[in-house]
Each structure stands twice: as structure tokens, then as C-alpha cells.
Amino acid sequence: MESFEVILKPICLVILIVLCLHAMPSSCNFTSFVFGDSLVDAGNNDYIFTLSKADSPPYGIDFTPSGGQPTGRFTNGRTIADIVGQYLGAKSFPPPYLAPNTEAQAILRGINYASGASGIMDKTGFFFIGRIPLGEQVSNFEQNRIYMVNAMGENYTRKFLKKAIFSLTIGSNDVLNYIQPSVPFLRHDKVSPTTFLDFMISNLTLQLERLHEMGARKFIVVGVGPLGCIPFVRALKLLRSGQCSSAVNALIQAYNQRLKELLSRLNQEMGPETIFVFANSYDVFMDIIANYHQYGLENANDPCCGGYFPPFVCFKSSDANTSALCDDRSKYVFWDAYHPTEAANLIIAKQLVDGDESVSFPINIRKLYNYNNS
């Protein structure tokens, strides 16, 4: 019986893809391949030895599919990637790459390769021990692609990948590592900000080109948000509540400008069949912080879970009379010292999907989804 199922599964997948690509395009689910860090990690870090985990309560407390149990997402509910997928018709979420038996899911729903503490550069996040850098995430996609080719051939694989969305939400940890003080016994001279940005852009370019060579044609590359305003950096820089680090945000804005220029160049070189969308999360998040009351929020300074000062631990208290949680999670911008709440993620995702060119350039994500689908 087991051998029959092994033979039958690839045949069923081929039939499904043929129907999706030709006879019944509307029957295809939204398919996305998600790369990034803890902002979009769906549970990969649960399967590796790492200090960067979200596998215990109250993480996931508002994630309905799990009944409020932790899934490895670094927030109270859905990530931005989850919500974007739902806005575009996804019936379920791409499973984490390291979860068992996900190969077939790559064809049905896509895969999530993101890993908390990871960065564009391989060394980013080494203090957390385990993490999956962007280059390794792309190599993991390469392994899934081999499965696809074995199941349905090179031609159908390329047609399938041409319609899928490839999103990259990464770079925050590279910046956080750069701005933190050096550890004395591991001390090494920091490169200049310009050289640091050169490293980030060159490494990211390499991975985008790898994905393109393997058949990716629709890209969302999310810029780095205003980390100078997150509770962790405010505490690190000894800033008063409500203040942001202008130096950190200036570095991020310089990176985002370089990133936007890179994507514009790639669009000129690889378009029109390939399109790279720059997602301006920085301005969207800054607007939420500055005008949080207009979005129905009440606190844009403090983390809902965990403390404002080191070690910034978000945990479920065993004492019923005390809690590490805020009273109303739907009213806070920050879930913990690093990550947004689901409430903030909903606002960001909606703007990225349907916003104008100031938010997503040159087109928004909904238009990207429908781009070149014929």
C-alpha cells in the first residue's frame, strides 16, 4: 500500500499542475515561497538548536489555526506573510521547510524557509547559535525544486514557478548586529557604514540572481523597517519612551534607498518577464508609530509581552496573579521588544497588498500576483 501511495502522489501532483497551468487556472491556490528572518518565520527554528525560538506560550496566543498554541511565529498571531497570502486567496499557510513531509506542499502551497536571527550575511546572528542564513534558505529551495522537477519535469516546473510569488523579508538582523557594541573577547573593527551596506547589497544581489536562475519571476523584497524605534533599540541607546534612534534609522534609510535602486536596475535588466517589487515597510511602520491612534491602537512604545529592559523575555507567567502580557493585544504596535503584533501586521500587509507606488514600487502586491499570469 505504501509503495502504491509513493507512486501515486507524484502522478496526482502532475495532474494538479497541468490543470492549474492550462485547463483550470482559477483552481490554483496562491503559491508563495517565503524567505526571511523572524518577522516571517513560521516555525523553522523549532527544528534547529538555537536560542532564537518562539515555541512557548504566549507566542501564538491569537493564532487561530493552532488554537492559540505556539507555532514558532515570533508574534501573537499571524505574520505579514501569512496575512498577505490570505488577502490574495490562500486557503492555508506555506509550511516551514524543516517540518516533516513538506516536499509535496511546495507544489500545492509553497514553502516557508525563513529563520529567526538570520540575515543576508552568513555570520549574522551567530550569538544565537543556530539559524538559517539567506544563502542556505535559497539552497533549501533548490532542494525543493529538484523534487518538483522529478515530479513534473523541468518545463512544468518553470511554468509553475513563473506564477509563484517569492518574498524576501530580511536585513533587520544584519543591521541590529552592526549597531550593537562589540563583545570584548570577540572584538574586531567594524567596517564603515558604506562598506557594510555594500556587503548587504552584494550578498542580497547574489541570492536574488540565484532564485532567478532557478525560475523565480515575481519578487517581493521588503525593505528594513525603522529599527531605531523598536523597544530593544530604544533601550540599547538609552532613549526615553517615544524617542527613536535617528542614527540607526538613517543607516536603514540609506540601505533601503540602495535596495530600491538595486531592484530598479534588476527590473531593467531582467524585465518585463521578471519583476521585482520594493515593499516600503519603513514608511508604513513609521506612519503607524506616529499616528497609532488613527489606526485604533493605543500604545506605540511598549512591548505587549516581556520587559522594556534586558533580557526582554516574553513568557507566560506560572503565577495566575501576574502576567507578562498587556491587557489588550489588539491595541499595541509591538508584541515583544523586536516584533510587531498581529494588529500592526494587519495594517502593514493591507497597505503592501493594495497601496500605491509610495508603498510598493513599481506595482503593489495584488497587481504583482496577477502580473503575467497568461
Asks: Any Lys/Arg nitrogen of Glu273 or Lys162 sitting under 4.0 Å from an Asp/Glu carboxylate oxygen of the other?
Replies: no
Asks: Who pairs with Glu213 by salt bridge (Lys or Arg N to Asp or Glu O under 4.0 Å), at least two apart in sequence or on another chain?
Replies: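 If we apply the salt bridge (Lys or Arg N to Asp or Glu O under 4.0 Å) test to Glu213, skipping adjacent residues, there are no hits.
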Asks: Please identify each residue that fulfils salt bridge (Lys or Arg N to Asp or Glu O under 4.0 Å) with Asp82, with sequence neighbours left out.
Replies: Arg73
Asks: Taking only residues two or more places apart in sequence or in another chain, which ones pass salt bridge (Lys or Arg N to Asp or Glu O under 4.0 Å) with Lys260?
Replies: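 Salt bridge (Lys or Arg N to Asp or Glu O under 4.0 Å) check on Lys260 returns nothing, list empty.
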Asks: Could you list who else is in Phe128's hydrophobic cluster, with ILVMFWY side chains joined at under 4.5 Å, directly or through other members?
Replies: Phe49, Leu51, Ile129
Asks: Please identify each residue that fulfils side chain to side chain contact (heavy atoms under 4.5 Å, CB included) with Glu209, with sequence neighbours left out.
Replies: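 Side chain to side chain contact (heavy atoms under 4.5 Å, CB included) check on Glu209 returns Thr205, Met270.
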Asks: Would you mind telling me which of Ile170, Asn45, Asp41 makes a side-chain contact (heavy atoms from CB on, under 4.5 Å) with Ser118?
Replies: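 Per the side-chain contact (heavy atoms from CB on, under 4.5 Å) rule, the option paired with Ser118 is Ile170, out of Ile170, Asn45, Asp41.
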Asks: If we only count heavy atoms from C-beta on, is the Trp335 to Ile61 side-chain gap below 4.5 Å?
Replies: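 When only atoms from C-beta onward are counted, Ile61 and Trp335 do touch, with a gap below 4.5 Å.
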Asks: Looking at Arg265 and Glu261, is any side-chain nitrogen of the basic one under 4.0 Å from a carboxylate oxygen of the acidic one?
Replies: no
Asks: Just jot down the side chain to side chain contact (heavy atoms under 4.5 Å, CB included) partners of Asn177, sequence neighbours excluded, or say none.
Replies: Thr124, Gln180
Asks: Pairs in or reaching into residues 223-289: which pass disulfide bond (SG atoms under 2.5 Å apart), with residues at least two apart or in two chains?
Replies: Cys229-Cys244
Asks: Among pairs that include at least one residue of residues 40-155, which meet disulfide bond (SG atoms under 2.5 Å apart), considering only residues two or more places apart or in two chains?
Replies: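 Every candidate disulfide bond (SG atoms under 2.5 Å apart) pair involving residues 40-155 fails, so no pair, neighbours aside, qualifies.
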Asks: When you take the SG atom of each Cys, Cys305 and Cys326, is the space between them under 2.5 Å?
Replies: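 Cysteines Cys305 and Cys326 do not qualify as a disulfide pair, their SG atoms being 2.5 Å or more apart.
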Asks: Report the C-alpha distance between Asn280 and Ser358 in whole Å, list the side-chain angles of each, state the deciding distance to 0.1 Å, and finish with yes or no for side chain to side chain contact (heavy atoms under 4.5 Å, CB included).
Replies: CA-CA 7 Å; Asn280 183 9; Ser358 68; 5.6 Å; no
Asks: Give me the ring orientation class for Phe33 and Tyr113: parallel if the planes are under 30° apart, tilted from 30 to 60°, perpendicular past 60°.
Replies: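 Geometry flag for Tyr113 against Phe33: parallel rings.
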Asks: Are Lys190 and Tyr178 in a cation-pi contact, defined as NZ or CZ under 6.0 Å from the six-membered ring centre and within 45° of the axis?
Replies: yes
Asks: Could you tell me whether Asp37 and Arg131 make a salt bridge, using a distance below 4.0 angstrom between a side-chain N and a carboxylate O?
Replies: no
Asks: Going by salt bridge (Lys or Arg N to Asp or Glu O under 4.0 Å), name the residues that satisfy it together with Glu154, two or more places apart in sequence or in a different chain.
Replies: Arg145, Arg158
Asks: CD1 of Ile165 to CG of Leu368: how many Å apart, nearest 0.5 Å?
Replies: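 Interatomic distance, Ile165 CD1 to Leu368 CG, rounded to 0.5 Å: 4.0 Å.
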Asks: Can you list every pair that meets disulfide bond (SG atoms under 2.5 Å apart) and has a residue in residues 84-162, with sequence neighbours left out?
Replies: none
Asks: Going by side chain to side chain donor-acceptor pair (under 3.5 Å), name the residues that satisfy it together with Lys350, two or more places apart in sequence or in a different chain.
Replies: Asp354
Asks: Check the angle between the aromatic planes of Phe166 and Phe219 and answer parallel, tilted or perpendicular using the 30° and 60° thresholds.
Replies: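 Ring orientation, 0 to 90° scale: tilted.
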Asks: Using a 4.5 Å cut-off on heavy atoms from C-beta on, say whether the side chain of Phe35 contacts that of Thr169.
Replies: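 Result no, sub-4.5 Å side-chain heavy-atom pair not found.
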Asks: Between Tyr255 and Asp174, does any side-chain donor sit less than 3.5 Å from a side-chain acceptor?
Replies: no
Asks: Test: ring pair (Phe, Tyr, Trp, His ring centres under 6.0 Å). Region: residues 339-367. Which pairs qualify, not counting sequence neighbours?
Replies: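 Pairs touching residues 339-367 that pass the test: Phe74-His339.
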